[in-house]
Enquirer: 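Supplied in structure tokens, the structure appears directly below.
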Amino acid sequence: MKLELRGITKRFGALVANDHISLTIEPGEIHCLLGENGAGKSTLMNVLYGLYNADEGQILLDDTAVTFSGPGDAMAAGIGMVHQHFMLIPVFTVAENVMLGHEPTRAGTLLDLPAARALVREISQRFGFEVDPDALVEDLPVGVQQRVEIIKALARDARVLVLDEPTAVLTPQETDELMVIMRGLAASGTSIVFITHKLREVREVADRITVMRLGKIVGTASPTSSTSELAELMVGRAVDLTVKKDEPQFTAKEFDVAHLTALDALGNHLLDDVSFTIRGGEVLAIAGVQGNGQTELTEAILGLRSHVSGSIRLNGTELVGSSVRKVLDAGVGFVPEDRQKDGIIGEFTVAENLMLDRSTGNPFASGLNIKFGYLEDFASSAITEFDIRTQGTDTLAGRLSGGNQQKVVLARELSRDLQLFIASQPTRGLDVGSIEFVHDRIIATRDAGIPVLIVSTELDEVVSLADRIAVMYRGKIVGIVDATTSRTTLGEMMAGIAA
Amino acid sequence: MVESTLHERTGEEVTTVNATQGLAAPVAIDVPRSWKTPIVLGVLALIWLICFGIFGDARTVAFGWSDTSDAIVLPDFVVNSKTFCLTIGILMLAIAVVATWLASQRRKVPMWLIIPFGVLLVWSLVGWVGAGGRVPVEFLLTGALALSTPVVFGALSGVIGERVGVVNIAIEGQLLIGAFAAAVTGSITGSLTLGIIAAMIGGALVSLVLAAFSIVYLVDQVIVGVVLNALAIGITNFLYASVLNDNSAEYNFPGTLPFLPIPFLSDIPVIGGVLFNQRITTYAMFVLVPLVYVVLFKTKWGLRIRAVGEHPLAADTVGINVKRTRFWTVTVAGMIAGLGGGALTIGSVGAFVREMSAGQGYIALAAVILGRWNPWLAACAALLFGFSRNFRIWAGQAGSTIPSDLIAMTPYLVTLIAVAGLVGHARGPAAAGRPYIKQ
Ligand SMILES: Nc1ncnc2c1ncn2[C@@H]1O[C@H](COP(=O)(O)OP(=O)(O)OP(=O)(O)O)[C@@H](O)[C@H]1O
Ligand SMILES: [Mg+2]
């Protein structure tokens with residue numbers, strides 16, 4: 001189906017998120033939408049999907065103008081969308097989530113769960129995604145939740161499919177599988193809009209590329225453009241995609257994890273005898289396929305898990321058994337893997353989110369008072385420094401674009417007085433310009449003599465940031481190797497084969 | 001092959017989805033087990049065994065199953081109160097032991113163990129209070145059912161409302177308006193059927209106001225609910241004083257719904273009278289509890305209702321109209337609460353009295369939470385509240401030496417312990433009380 005957007009404008013108060021955007025997607029085309037964080041990509045797609053009402057402009061499907069009063073109309077017209085932030089109901093099973101809104105029924109109204117399960121199984125087999133239809137969504141790791149979102153969209157046979165950053169939490173293998181699926185769908189006439197910040201994917205799969213900046217379309221590019229050309233078009237300046245760092249200068253600070261074991265409520269090992277040491281001035285990156293205990297490792301360090309044994313020492317102080325508050329007060333900065341759930345409070349303002357883990361005492365509070373003047377100054381400078389695209393310090397954090405929410409978390413954690421910095425997926429959802437900046441900041445933290453622990457499923461990120469790499473598999477550390485280790489070896493280690 | 005894995009917990013067994021990979025296999029190792037439930041059960045069983053058994057009352061107690069007028073007359077069950085309570089205490093201890101064993105296996109103590117435990121606990125209390133006299137079993141149960149009926153309707157209404165994301169504090173007001181509408185309409189038209197319909201319309205009208213303010217104009221749901229309750233009291237009090245009181249024969253004399261015994265079934269001793277010789281309102285309750293359950297959990301409308309109450313934005317993205325769903329669901333919930341109001345007047349005393357809902361709407365809200373937003377459990381909770389009220393009445397009549405207020409307190413105390421120890425961590429619909437604002 002051919003899709004045309006004409007002069008779409010969407011304002012949020014004074015902010016023009018989409019400024020007269022015109023875009024045509026041909027039938028069977030994979031159209032990549034590129035743009036920095038807050039450029040207005042998600043907003044545009046939400047307008048197309050009927051979730052937001054456009055202030056101006058028209059949508060045409062196969063050359064006939066359509067108006068959508070809600071996503072129901074858009075879906076009826078054949079538009080499907082995978083949202084950047086999951087639209088899944090945590091307490092429902094996978095099958096219930098997939099069937100919601102177009103339920104298979106018996107006797108007109110009774111839910112036909114077997115049919116829904118069969119549908120999930122059929123789609124997951126057809127597309128090579130393995131998902132248990134009866135699993136509760138809240139129990140699934142984000143990567144699997146992402147697959148559920150994709151299955152949900154595929155189950156509806158959309159003729160225009162919008163994919164808003166579907167690959168942010170997928171493994172490279174899953175991404176490759178998704179790209180095969182996309183090509184197959186396009187070949188059968190489905191038009192696809194694909195949003196991603198990963199330029200490799202763009203070059204691999206796009207038929208055409210449109211670049212947005214500050215709510216406007218700033219140009220188009222051909223899929224044969226080089227990564228740096230695309231990057232420059234996106235952020236309007238040259239981007240250096242390699243991380244520059246010197247040999248580590250070790251300091252006396254030391255973070256030491258020994259024989260760390262964590263169990264779930266049933267006694268299964270989530271972490272199995274994990275030991276490593278990070279010296280001040282050094283970056284240790286944990287590589288591994290998602291779901292092999294990385295999340296549990298960071299949670300155990302933070303004091304968020306029960307049933308933990310072993311020892312975690314920061315500069316000689318034992319942290320196992322301490323409250324989260326004590327751990328944070330010991331100078332641990334932490335960027336969680338799921339920003340929306342664990343990183344920010346959407347109903348709080350940007351400024352409030354920036355002081356979230358330092359709500360008592362210096363520098364943001366004295367006694368029962370919050371020092372609003374100081375907070376305001378601090379927030380303004382953090383917004384400038386981290387280039388957070390927001391209307392002001394008092395904008396609700398939930399209203400920021402995905403990448404900008406991530407920057408709020410990073411700004412908060414990196415501006416603390418740190419003894420240890422832990423970041424899970426630090427650049428998930430960030431545009432190339434912001435990735436460059438965040439990588440530089442992480443290296444600056446390391447160069448300030450602080451031990452840094454990075455957990456990332458992006459091998460590129462691991463290799464470019466790490467001084468040493470620890471690979472996790474099934475809750476164990478397979479090995480700790482030098483950052484110069486070949487990717488083939490790392491890949492084997494990630495599959496559980498010790499180097 | 002490298003793929004991410006997923007671990008899913010289903011009951012006590014662990015399924016590792018994706019056979020190629022998974023975290024370490026289960027190992028027997030000391031994970032702290034949850035002893036909370038066995039401890040609560042064990043302590044209660046011991047207290048009961050000691051207080052009512054070992055230090056119990058040595059007189060006999062007679063459990064009367066039937067009246068002489070019944071079709072089938074069963075002889076009274078006469079037993080020494082102390083022996084009776086000792087036996088029950090031992091049974092309770094046995095359940096506590098089973099619970100301990102389950103906990104040692106890291107398994108959850110199921111409802112089908114906890115509910116009999118509660119029943120035993122209550123009957124031990126009855127056997128103790130009734131020592132030296134006769135316990136009219138049928139009276140105890142029928143009275144409990146009658147007193148619970150409005151609360152059950154209210155609780156169902158609350159469950160439905162919260163499931164769709166609207167906190168309905170106005171149940172109290174809906175009961176009151178329903179009671180009023182049923183009495184007045186029934187008197188004026190002389191038709192109790194019309195009275196029932198009027199009660200439902202009255203409840204629905206309160207819901208419409210709640211829906212309009214909270215869903216359309218985004219006023220805080222709790223505040224609207226509280227205001228509506230005050231308004232309902234004000235309106236009915238005013239009309240009662242200015243119209244009903246002086247012309248009660250004309251406006252406040254609807255009569256009561258007839259008892260409709262179900263042939264044969266109503267002749268079964270004890271339960272026949274309790275379950276099968278009731279008014280249409282009670283039968284409606286018997287039908288509504290399972291019906292609401294089926295609609296909420298087995299139909300597509302229920303799936304959508306729950307989706308809207310959990311994550312309205314997600315529901316919107318699959319084409320569910322959030323506001324419309326909330327609007328109509330709350331209206332239907334109001335009809336059910338209104339029916340509960342009808343049960344207060346034409347289903348019971350046959351006249352409207354000032355503020356006769358007397359806080360039962362709030363008790364219904366408590367039942368919603370105690371029942372974890374599940375129609376069956378909420379109805380059970382409402383029955384428990386009804387039973388305690390009736391138990392107090394009977395204990396007073398039975399001339400029990402213990403102050404009746406103390407007896408009246410016991411069930412609530414047990415309820416509190418049950419909530420703390422057994423219900424565990426209850427989590428309501430995530431978006432209950434939150435308005436949905438579309439950009
Ligand atoms: N509901 C909203 N209310 C107010 N402002 C909003 C809302 N949604 C988005 N915005 C603003 O609109 C702008 C565009 O946001 P959008 O989410 O479209 O960006 P994006 O291009 O998808 O970015 P990212 O790559 O980070 O996801 C941002 O400045 C954002 O703060
Ligand atoms: Mg976006």
Side-chain angles (χ1 to χ4, degrees), chain A residues 12 46 49 51-53 70-76 81 83 86-92 96 99-103 105 109-111 130-132 134-136 139-141 143-144 152 171 173-174 263-270 272 289-293 306-307 474-476 491 494-496, chain B residues 1-10 12-34 106-107 294-295 297-304 306-311 313-324 427 429-431 434 438-439:
Chain A
F12 294 112
N46 283 331
Y49 193 59
L51 203 54
Y52 292 170
N53 299 316
D73 294 351
M75 284 165 56
M81 179 160 173
H83 296 263
F86 302 146
M87 293 299 172
L88 298 174
I89 299 182
V91 297
F92 281 13
E96 285 172 333
M99 70 171 157
L100 184 64
H102 66 153
E103 303 84 356
T105 51
T109 172
L110 285 179
L111 289 175
E130 205 148 341
V131 174
D132 172 12
D134 292 316
L136 273 190
D139 293 340
L140 298 177
V144 183
K152 213 170 107 185
T171 63
Q173 288 82 355
E174 287 171 337
L263 307 173
D264 67 11
L266 300 168
N268 304 312
H269 278 85
L270 299 170
D272 194 354
V289 176
Q290 193 168 339
N292 276 289
S306 38
H307 316 324
R474 295 195 182 191
K476 286 194 174 110
M494 284 161 67
Chain B
M1 189 173 72
V2 183
E3 266 188 71
S4 68
T5 61
L6 95 92
H7 262 255
E8 198 233 333
R9 255 192 285 158
T10 34
E12 67 274 16
E13 83 240 354
V14 176
T15 357
T16 303
V17 186
N18 191 342
T20 57
Q21 206 191 54
L23 294 181
V27 238
I29 143 157
D30 269 345
V31 172
R33 299 160 169 93
S34 171
R106 299 191 177 80
R107 282 164 59 179
V294 168
V295 168
F297 295 98
K298 303 287 174 204
T299 69
K300 68 173 180 184
W301 303 115
L303 190 74
R304 293 177 181 194
R306 288 182 291 132
V308 165
E310 288 288 344
H311 194 337
L313 180 59
D316 194 354
T317 62
V318 291
I320 297 170
N321 188 324
V322 174
K323 291 197 173 176
R324 197 187 299 154
R427 188 175 53 172
R434 296 201 194 185
K438 208 177 156 98
Q439 292 293 329

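Below, read A as the first sequence line, B as the second, and so on, with proteins coming before strands; counting in each chain starts at 1.
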Enquirer: I need the F297(B) CZ to E96(A) CD distance, nearest 0.5 Å.
Expert: 10.0 Å
Enquirer: So how far is it from T317(B) OG1 to M75(A) CE, rounded to the nearest 0.5 Å?
Expert: 8.0 Å
Enquirer: Are M99(A) and K300(B) close enough that some pair of their side-chain heavy atoms sits under 4.5 Å apart?
Expert: no
Enquirer: According to side-chain contact (heavy atoms from CB on, under 4.5 Å), who are the partners of R434(B), at least two apart in sequence or on a separate chain?
Expert: E347(A)
Enquirer: Indicate yes or no for a side-chain donor-acceptor contact from R304(B) to the backbone of G101(A) under 3.5 Å, with no hydrogens or angles considered.
Expert: yes
Enquirer: Heavy atoms only: give me the nearest L100(A)-V318(B) pair and the separation to one decimal.
Expert: O-CB, 3.7 Å
Enquirer: Could you look at V295(B) and say if it's the side chain, the backbone, both or neither that has a heavy atom under 4.5 Å from chain A?
Expert: neither
Enquirer: Checking heavy atoms, do the side chain of H102(A), its backbone, both or neither come under 4.5 Å from chain B?
Expert: backbone
Enquirer: CH2 of W301(B) to OG1 of T105(A): how many Å apart, nearest 0.5 Å?
Expert: 9.5 Å
Enquirer: Heavy-atom pairs under 4.5 Å with chain B - which of G70(A), P90(A), G72(A), P71(A) has more of them than the others?
Expert: P71(A)
Enquirer: Give a yes or no on this: more than 12 heavy atoms of other residues, nucleotides or ligands lie within 6.0 Å of atom NZ of K298(B).
Expert: no
Enquirer: With heavy-atom distances below 4.5 Å as the criterion, would you say the side chains of M87(A) and L313(B) are in contact?
Expert: yes
Enquirer: Please name all residues satisfying salt bridge (Lys or Arg N to Asp or Glu O under 4.0 Å) with E310(B), sequence neighbours left out, ordered by chain then number.
Expert: none
Enquirer: Does a side-chain heavy-atom distance below 4.5 Å link L88(A) with H311(B)?
Expert: no
